[in-house]
Amino acid sequence: MAEKLAPREKGFSEWYVDVVLKAKLADYSDVKGCMVIRPNGYALWENMQRVLDRMFKETGHRNAYFPLLIPESFLRKEAEHVEGFAPQLAVVTHAGGKKLEEPYVIRPTSETIINSMFSRWIQSYRDLPMLLNQWANVIRWEMRTRLFLRTTEFLWQEGHTCHETDGEAEAETLRMLEVYRTFAEDYMAMPVLAGRKSESEKFAGAVRTYSIEAMMQDKKALQAGTSHNLGQNFARAFNTAFQGRDGQQHHVWQTSWGVSTRLIGGLILTHSDDAGLVVPPKLAATHVAIVVIGKGEERGPVLERAQAVAADLRRTGLSVLVDDDDTKSPGFKYYEHELTGVCLRMELGPKDLAKDQAVLVRRDDRAKVTVPLDAVVTQAQAMLDAMQASLFARAKQFRTDHTFEVNSMEEMKARADDGFLLAHWCESPACEAQVKEQTSGVTTRNRPFDLPQKPGTCVVCGQPSPGRMVFSKAY
RNA sequence: CGGGGAGUGGCUCAGCCUGGUAGAGCACUUGGUUCGGGACCAAGGGGUCGCAGGUUCGAAUCCUGUCUCCCCGACCA
């Protein structure tokens, strides 16, 4: 069942596909560009959803649901928006056995249809802020797809908010980006750079776009979440307006922000290894797998004890699997649980039972410890905490080791595949395009808030630069 | 969409060049023995050879088209 994985060294892409397929996270479907998320993968998404949903509620947002189908004319109301999405739209032209009067597009994102409702719901400044979130699927037609990272249909959440002032909208945009940063770092154990996107990389229809960018194990960047200050662009297009404190009509100031099932790809690309999936404990579907060892009548007492330990562990909120399958050898199960990303393995056999102990093995470093049975619960907790911290620390160290300041185009070209490149850039799209062309694919990722900005000169044209920007090849 | 590679039981692949009744290993089922890093013996089930046309007495094999996946580019979360 669990065949050997393609090693990362030999081909990173093949390794990634192997992990997804063999850990049974997802499978290819018969629909071009679309995948099936299998229970192992969906469990990760459910865990992400649970945490994020709580964070959204804690920041005052409420969930709602809008239609999958959007009248084509809605998309056209915001010029930049339709231009940005036109090539990626799937359009429904027939329904009910007839050609439709007006085609529907399948939502690539919901700003337009949500604004059509906002404009009906909002009359006064007293109706603001309006803070909504939607968990949904969207479709964006893609030329080239990759499991989780880019598929034609994907699952995500999209937050949509309306505010009285530009300042409030900007604050909301940054607040939600910070929520994403917290989620990425504290739960996914994936260090990210939060910052502002360039003009050419921003969302079609936004005034400003911010992102969190993570570095994957192949040193490429993954945009893991985006938060947009939409200004009044959609409000004007849909006449989403309110009577202000001054008695005058004003268009609302809006934001939108989203993360998607792409995060699962990010999780895999950040932590997994040649033995398979590695998941940080805070998001893992299974925290502990107890492998029952023993034959014949010695098996009974071992199983009984395993069940008791499992019950103790579950009482502390952990997800525990008691692996009592006697048709597979223990060794086989070890590989299997490593492949599917179980955080901790507990081996329990007759010899252990005689000594009132068990063996615990961490998934990430495979460190093996023998602990007294009555200490398993506290030890397991400690090991999971340590693993969570160590995954983050290791990923952060990796990023540090592959981040470089570059001061010329020559250096930029030489280091194109080496990771994050911090370079001065004059903010002109032309220079950005130059870099992309000459390095075969290095693009601006964002201008991180945490990167001190000191003036310099653009690596392309030599004109003044306000500070260093992160450049990298990206997913 | 352009360049390169690949589609044959669930998986990895052989067979194709040189057409002639579809194979192996692993997995699966049953019975038995096993169990501390991928157990063993025996018996068994399972494939319109990606799909659609064509050539031929006969096609996994030759020809054409098409779909899908992988790798490298162009577009994107």
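Naming convention: chains lettered A, B, ... in sequence-line order (proteins, then strands); numbering from 1 in each chain. Computed from a prediction, not measured in an experiment: that's the story for all the values here.
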### Complementary nucleotide of B:A60, counting Watson-Crick and G-U pairs under 3.5 Å
none

### Task
Would you kindly give the CD-to-P distance between A:Glu347 and B:G38, to the nearest whole Å?
12 Å

### Query
Can you find an N or O donor on one side and an acceptor on the other, under 3.5 Å apart, linking the side chain of A:Glu338 with the base of B:G37?
yes

### Query
Rounding to a whole Å, what distance do you find between A:Glu298:CD and B:G36:P?
10 Å

### Task
Name the closest nucleotide to the A:Tyr28 side chain, picking from B:G38, B:C69, B:C72.
B:C69

### Message
Regarding A:Val259, tell me which of base, sugar-phosphate or nothing describes its non-hydrogen contacts under 4.0 Å with the strands shown.
### Response
nothing

#### Entry: Atom pair distance, as rounded to whole Å: CD in A:Glu432 and P in B:C75
12 Å

### Task
Once you apply the 3.5 Å cut-off to both distances, tell me the Watson-Crick or G-U wobble partner of B:G37, or none.
none

### Query
Under a 3.5 Å cut-off for both distances, is B:C49 Watson-Crick or wobble paired, and to whom?
none

### Query
Which nucleotide, in any strand shown, forms a Watson-Crick or G-U wobble pair with B:A77, with both distances under 3.5 Å?
none

#### Entry: Check: A:Asn115/A:Gln254 side-chain N/O donor and acceptor closer than 3.5 Å
yes

### Message
I'd like to know if the side chain of A:Glu178 pairs up with that of A:Tyr210 as donor and acceptor (distance under 3.5 Å, no hydrogens or angles considered).
### Response
no

### Nearest-Å distance for atom pair CD/P, residues A:Glu14 and B:A6
14 Å

### Task
Take atom CZ of A:Phe148 and atom P of B:A77, then tell me their distance rounded to the nearest Å.
19 Å

### Message
For B:A6, give the paired nucleotide (Watson-Crick: N1-N3 plus N6-O4 or O6-N4; G-U: N1-O2 and O6-N3; both under 3.5 Å), or none.
### Response
B:U68

### Message
Please classify the nucleic acid contact of A:Arg345 as base, sugar-phosphate, or nothing, using heavy-atom distances under 4.0 Å.
### Response
base

## Note on the structure
By nearest-heavy-atom nucleotide on RNA chain B, the more 5' of A:Thr145 and A:Thr151 is A:Thr145

### Task
Determine the Euclidean distance between corresponding P atoms of B:G58 and B:U21; express it in Å to zero decimal places.
15 Å

### A:Asp417 CG to B:G73 C1', straight-line distance once rounded to whole Å
13 Å

### Message
Using a heavy-atom cut-off of 4.0 Å across all strands, would you classify A:Phe203 as base, sugar-phosphate, or nothing?
### Response
nothing

### Message
Going by purine N1 to pyrimidine N3 plus the second Watson-Crick contact, or the G-U wobble pair, all under 3.5 Å, which nucleotide sits opposite B:U55?
### Response
none

#### Entry: Complementary nucleotide for B:C28 - Watson-Crick or wobble, under 3.5 Å
B:G44

### Task
Indicate, with a heavy-atom threshold strictly under 4.0 Å, whether A:Thr226 touches base, sugar-phosphate, or nothing.
nothing

